[in-house]
Amino acid sequence: MDREPCISVRLFSDPKLLSPIRAFVDGLSKSIGFSEKSRGLLSLAVDEALANVIRHGYSERTDGLIWLNIWRLHEPAGLRIVLEDLGRSVDPTLIKGRNLADVRPGGLGVHIIKETMTESKWEMRPGGGMRLTLVKLLAPEERENSSPTQSENCTP
Amino acid sequence: MDREPCISVRLFSDPKLLSPIRAFVDGLSKSIGFSEKSRGLLSLAVDEALANVIRHGYSERTDGLIWLNIWRLHEPAGLRIVLEDLGRSVDPTLIKGRNLADVRPGGLGVHIIKETMTESKWEMRPGGGMRLTLVKLLAPEERENSSPTQSENCTP
Amino acid sequence: MTRELTVDLTSVAGAAVLRPGGDIDMSCAPAVRKAVANIMRDRPERLIIDLSAVAYMDSSGIATLVEALQQSMRNKIKLVLVGVTPQVHSAFEITKLVSMFTIVATLKDASNA
Amino acid sequence: MTRELTVDLTSVAGAAVLRPGGDIDMSCAPAVRKAVANIMRDRPERLIIDLSAVAYMDSSGIATLVEALQQSMRNKIKLVLVGVTPQVHSAFEITKLVSMFTIVATLKDASNA
Ligand SMILES: Nc1ncnc2c1ncn2[C@@H]1O[C@H](COP(=O)(O)OP(=O)(O)O)[C@@H](O)[C@H]1O
Ligand SMILES: Nc1ncnc2c1ncn2[C@@H]1O[C@H](COP(=O)(O)OP(=O)(O)O)[C@@H](O)[C@H]1O
């Protein structure tokens, strides 16, 4: 990993915070050059990951701690987000999306995360809880929109 | 202050991060019940405060640290944001908006912050740098939109 | 932002129209679920869910709609989705559920689909 | 998202139209400033800044426009702002600068204002 994360966020496991975090991820991924569609999926994937921590890690308690460490990646350009919590630790092999042929409510979050991200890895955190590493690289057609030198959020 | 901040953000003094932070502040203030106009002004005030830290505190260096600690306030409902940095420390009495009658570019940020927020207070941080405390309470007509029990971002 | 549920019952066609607004995520899906269950109890011929005011939906929202679809099939109610916004469409696509639902473009189509 | 500057020079009316896009904040205002300076050098009779694609502007953007206004007065160029979006209007209001600028609703008005 290049240097320190460009942004670190610490939040409580409160579902009310999902919406502002989505807005933030959308804004950040816009500034990196992700297309509108990619940004929607990225916000969705991070939302699903946080919802799983709240639901499974903290059993819907709203006072659990969650950390998001965020890196901009360069060459290839993209975004790395590491989520950590102090909730229930589970064997990462048990975290799997369900078979989509079996249509029933629930069990879609992990599938969405894996499909959206270039890389997604669950681990048990040494100090307790879980760590989820998410990476999404820009698609080739998005790379033209991303310029490391100039500001990304304007077309002056 | 009620309990710990509901969200803490640590970021570098990089102007490229202003846009995602604005999106985040907008999303958060929406979930609290602020009107679209208030949200625009709140995002603007936080943007101005961060821009000042980057410009005056860190002389446009992009590797300075900035912390945002954010509380939801209840009764009266609102938002408290405390910004801290390790940049240049200045006498808070020197931080003042300019006389608007004197029309020239620049010198508008502090005026915008003071006008927008219910409370804004600059202090020298004991460990170096500055601390800015910003509070904005919901206007009476916004309070109807804010419900502490139900989720704020949906009209099911 | 009102928090009231908007439900129009168009008696003419025997169709109930549910129009949720805002983001449907973990904190909000339960309310939509309850609204759907309430309408189902009245056994309309057709339930139209108008999603044009829903800019964002996560898997809890999708789960709610899958459940509604299953209930509607059991109760012989025709379920039609209308006004699917881009992010919501992406969420259906990535979960490969697009083909499960009857999705139409306009409310007018929804009465005939 | 292109990063190129869009400048239409409508030769008929002798008016230059500058149409910045995106958010004008600290990281972007310098580019707008440069674009304005370039246009001023050509001494059009009228400079129309179309802000309809600018959803957000902070005090660096405002400072840029104030500077443009002062330059335009010195150079006897008529500066007109058009397509001011709600957040940008709030920013003008709170800095009490609304009355300083000629602000019109449509591009057509901008040629006559
Ligand atoms: N952060 C987590 N901590 C513990 N278990 C998890 C976590 N995330 C996912 N899981 C496990 O993976 C399963 C699949 O998750 P998901 O696809 O999101 O579906 P759902 O949450 O609807 O069950 C969950 O049921 C749970 O057992
Ligand atoms: N975080 C800060 N650290 C040091 N000085 C500051 C800070 N914020 C504001 N100031 C001082 O207050 C003055 C007014 O700030 P502002 O109204 O934003 O205008 P501008 O930044 O355009 O000068 C600045 O010129 C600076 O001297």
Side-chain angles (χ1 to χ4, degrees), chain A residues 12-26 29-30 34-62 66 97-117 120 136, chain C residues 1 3 20-37 40 49 51-75 79 81 83-103:
Chain A
F12 283 109
S13 53
D14 185 340
K16 286 180 187 159
L17 300 175
L18 292 175
S19 155
I21 294 291
R22 286 195 301 267
F24 166 70
V25 171
D26 184 74
S29 47
K30 184 175 185 179
F34 285 101
S35 68
E36 191 170 348
K37 177 155 185 167
S38 296
R39 277 151 46 205
L41 287 171
L42 249 168
S43 304
L44 177 61
V46 174
D47 172 292
E48 297 292 344
L50 289 171
N52 276 347
V53 171
I54 297 172
R55 196 179 291 124
H56 305 297
Y58 286 117
S59 312
E60 317 223 352
R61 268 173 47 204
T62 57
I66 304 175
R98 71 168 167 77
N99 184 347
L100 292 183
D102 162 25
V103 176
R104 55 170 181 80
L108 297 169
V110 170
H111 173 84
I112 289 172
I113 294 168
K114 287 188 173 166
E115 280 289 309
T116 299
M117 307 307 296
S120 55
K136 188 167 177 73
Chain C
M1 264 208 299
R3 297 226 141 37
D23 291 1
I24 307 189
D25 65 7
M26 184 183 183
S27 70
C28 174
V32 176
R33 192 165 174 269
K34 219 160 110 185
V36 170
M40 292 276 183
I49 304 185
L51 296 169
S52 53
V54 176
Y56 178 86
M57 188 185 280
D58 74 4
S59 71
S60 0
I62 293 188
T64 306
L65 293 181
V66 169
E67 204 188 342
L69 184 65
Q70 292 174 330
Q71 282 181 18
S72 69
M73 294 194 296
R74 273 198 301 277
N75 296 322
L79 179 74
L81 305 185
V84 175
T85 54
Q87 190 279 340
V88 175
H89 202 267
S90 296
F92 274 123
E93 264 173 6
I94 204 166
T95 52
K96 307 212 166 53
L97 289 167
V98 192
S99 59
M100 294 284 308
F101 289 91
T102 306
I103 301 180

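Chain letters run A, B, ... following the sequence lines, proteins first and then strands; every chain starts at 1. Just so it is clear, the values below take in all heavy atoms, side chains as well, and ignore hydrogens, waters and symmetry mates.
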Check: Between C:Asp23 and A:Arg22, is there a side-chain N and carboxylate O pair less than 4.0 Å apart?
Finding: yes
Next item on the list: Supply the atom-to-atom distance C:Ser60 OG to A:Asp47 CG, rounded to the nearest 0.5 angstrom.
Entry: 7.0 Å
Next item on the list: Check step by step if side-chain contact (heavy atoms from CB on, under 4.5 Å) holds for C:Ser27 and A:Leu18.
Entry: CA-CA 8 Å; C:Ser27 70; A:Leu18 292 175; 5.7 Å; no
Next item on the list: Look at A:His111, A:Arg55, A:Glu48 and state which one has the largest set of heavy-atom pairs under 4.5 Å with chain C.
Entry: A:Glu48
Next item on the list: Step through the shown structure and confirm whether more than 12 heavy atoms of other residues, nucleotides or ligands are within 6.0 Å of CZ on C:Arg33.
Entry: no
Next item on the list: Could you tell me which portion of A:Leu44 (side chain, backbone, both or neither) has an atom closer than 4.5 angstrom to a non-hydrogen atom of chain C?
Entry: both
Next item on the list: Can you check whether anything in residues 84-92 of chain C gets within less than 4.5 Å of chain A, heavy-atom wise, and list it by number?
Entry: C:Gln87, C:Ser90, C:Ala91
Next item on the list: Give a yes or no on whether A:Glu36 atom CD has more than 12 heavy-atom contacts from other residues, nucleotides or ligands under 6.0 Å away.
Entry: no
Checklist line | Side chain to side chain, A:Glu115 and C:Glu93, heavy atoms closer than 4.5 Å | finding: no
Checklist line | Top contributor to chain A interface from C:Asp58, C:Leu65, C:Thr64, C:Ile62 [non-hydrogen pairs under 4.5 Å] | finding: C:Asp58
Check: If you take all heavy atoms of C:Asp25 and A:Ser19, which pair is closest and at what distance?
Finding: OD2-N, 4.4 Å
